[in-house]
Amino acid sequence: MIDWIAFLTVAAATLIAAVVIVGLYALGVRLYAVSVDDSVPSTRVARAAAYACFAVCAVGVLYGVYLIVPAFHS
Amino acid sequence: MVVLVVALALFFDFTNGFHDTANAMATPIATGAIKPKTAVALAAVLNLVGAFLSTEVAKTISGGLIREGSGGVAITPELIFAGLLGAVLWNMVTWLLGLPSSSSHALFGGLVGAAIVGIGFESINPTVLLSKILLPAVLAPLIAGCVAYLCTRLAYAITRRTDPDSGDKLVQKRGGFRYGQVFSSSLVALAHGTNDAQKTMGIVTLVLISAGLQTGGTGPELWVITACALAIALGTYVGGWRIIRTLGSGLTDVKPAQGFAAETSTAAAILASSHLGFALSTTHVASGSVVGSGLGRRGSTVRWRAIGKIALAWLFTLPAAAVVGGLAAFIARFGPVGVTIDAIVGLTAIVWIFVLSQRERVDHSNAISEVAAVGGAVRIPSKKERRRLEARARKTAAREAKVVRLQKKAADREAAELQARNAPEQPSAPSPAPAGTRTGATAVDGAAGRPNKQGDR
């Protein structure tokens with residue numbers, strides 16, 4: 001019948017991947033918004049952290065491309 | 001016969017392309033992250049690239065659904081032709097209605113119907129039908145919807161900015177999600193290209209092998225890959241604007257953060273499913289994500305009626321395509337004459353649907369209504385902001401009224417003085433009149449100035 005293990009694996013992988021990427025990107029957006037605020041003193045740190053978040057997201061996207069292209073991993 | 005099947009297969013690829021543009025590009029178009037035409041062009045290029053990238057073709061196109069090969073049944077080009085006809089017609093009908101339905105389901109449905117009529121019920125593997133097609137159709141939108149819901153909540157929770165002192169909402173600055181959408185939707189388009197173009201390649205190769213033009217067990221030839229890639233890219237570029245409209249603004253109003261969450265969920269689900277071995281349909285995943293993200297944002301409306309219509313379309317996809325495929329297979333039994341009748345009837349139906357579609361054109365200019373587009377560009381102040389704006393406007397109005405009053409008083413005094421001074425020499429002095437008009441003009445200026453300033457803000 002239906003392969004429930006495979007289904008649960010897919011569901012878990014989807015959830016983890018999406019939550020991590022969206023969470024990081026949202027954090028990046030938030031930190032970037034903080035970094036352009038005038039009132040907060042540590043804008044430099046916030047901006048660097050925002051860029052770090054975006055970079056991790058970019059790595060996630062590249063990993064997606066890596067998964068899509070079979071030539072890379074088979 | 002082979003030429004006919006290949007042509008029809010390529011046309012199916014084309015319809016697949018424009019049916020599925022929406023999966024990747026509906027949400028970025030809806031939020032204004034990418035301009036409509038740029039979006040479909042991007043999707044087309046990515047589909048083209050994706051089709052070439054993956055040479056790991058699904059060798060058994062039916063995935064064991066139809067017991068083919070040695071010991072099973074021989075599937076003939078006629079049956080494939082009939083199956084494709086069913087799939088193409090159902091794709092056209094759902095496109096006309098603007099419903100996102102799975103192209104793979106239509107293809108499977110058509111082939112199943114053709115196989116049942118042409119060979120009999122024993123040619124179908126019901127367990128595979130249930131476990132590979134029917135259940136995933138229910139589970140795919142569920143997974144994607146739940147994940148997109150959680151992601152949307154998460155994205156909004158993280159980016160919610162309030163003033164620590166007063167608790168007032170600060171400017172939220174969620175525009176950054178627009179840039180993210182470009183990448184997330186591109187990933188979906190690329191994944192789609194590697195998946196869906198392969199189906200047609202598999203079919204064409206199957207036909208070539210069954211006709212004895214290609215030795216069995218070999219992969220698709222280069223011209224087949226090229227033709228399929230071009231067909232799907234062209235279809236994507238033409239764009240199923242009706243379906244884009246449904247997904248982009250028909251189900252819920254998509255905001256950038258929601259769009260990003262939905263697309264990331266879609267991409268994650270597709271990639272996970274194709275690499276961990278539980279096939280999910282791109283269309284089902286994408287639709288589920290959009291609905292999930294709609295439920296995730298507070299204050300967004302989800303149109304359940306539209307969702308019901310789509311669910312109904314999904315329910316009917318397999319049987320409807322199967323009926324058409326079966327009918328076509330039945331006619332095709334009468335040899336070349338039957339196939340010719342099939343081809344003519346199919347072509348007529350396609351042309352007819354196209355003519356029907358011209359009655360109400362939907363293209364890049366009106367796929368997402370202008371109201372929605374403007375809504376993305378203009379920031380509508382929240383209730384609290386509106387109240388604050390109102391208070392400020394009232395204050396300015398009061399101040400302005402005071403100024404006007406003072407001016408009027410001053411002008412009156414001036415006029416009175418002037419009159420008093422001029423009275424002895426020139427009894428019929430015109431001075432009060434200009435003074436009066438000046439006061440009037442100031443008053444009008446003040447009145448007109450208020451709404452203007454308010455509008456600027």
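Within every chain, numbering begins at 1; the chains are lettered A, B, ... in the order of the sequence lines, protein sequences first and strands thereafter. Reckoned from all heavy atoms, side chains included, excluding hydrogens, waters and symmetry mates. These figures come from a predicted structure and were not determined experimentally.
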OH (B:Tyr179) and OH (A:Tyr32) are apart, to the nearest 0.5 Å, by 8.5 Å

_From CA spacing to verdict: side-chain contact (heavy atoms from CB on, under 4.5 Å), A:Phe7, B:Ile143_ = CA-CA 10 Å; A:Phe7 167 70; B:Ile143 300 185; 3.3 Å; yes

Cut-off 4.5 Å, heavy atoms of chain A, and the answer for B:Leu190 is both

Output for pair (B:Leu187 CG, A:Leu62 CG), nearest 0.5 Å, gives 9.5 Å

Heavy-atom nearest pair, B:Ser265 first then A:Ala18, reads CA-CB, 3.9 Å

Closest non-hydrogen atoms of B:Ala155 and A:Val22, given as atom of the first, atom of the second and distance, are CB-CG1, 3.8 Å

Q.
One pair to check against side-chain contact (heavy atoms from CB on, under 4.5 Å): A:Ile21 and B:Phe183. What are the steps and the verdict?
A. CA-CA 12 Å; A:Ile21 294 289; B:Phe183 296 101; over 6 Å; no

Of B:Ala269, B:Ser184, B:Ala148, the largest count of non-hydrogen pairs under 4.5 angstrom with chain A goes to B:Ala269

Distance col, row B:Ile158:CD1 vs A:Leu24:CG, nearest 0.5 angstrom, shows 8.0 Å

Heavy-atom closest pair (B:Ala268 atom, A:Thr14 atom, distance to 0.1 Å) is CB-O, 3.8 Å

Here the gap from B:Leu139 atom CG to A:Leu8 atom CG, rounded to the nearest 0.5 Å, amounts to 9.5 Å

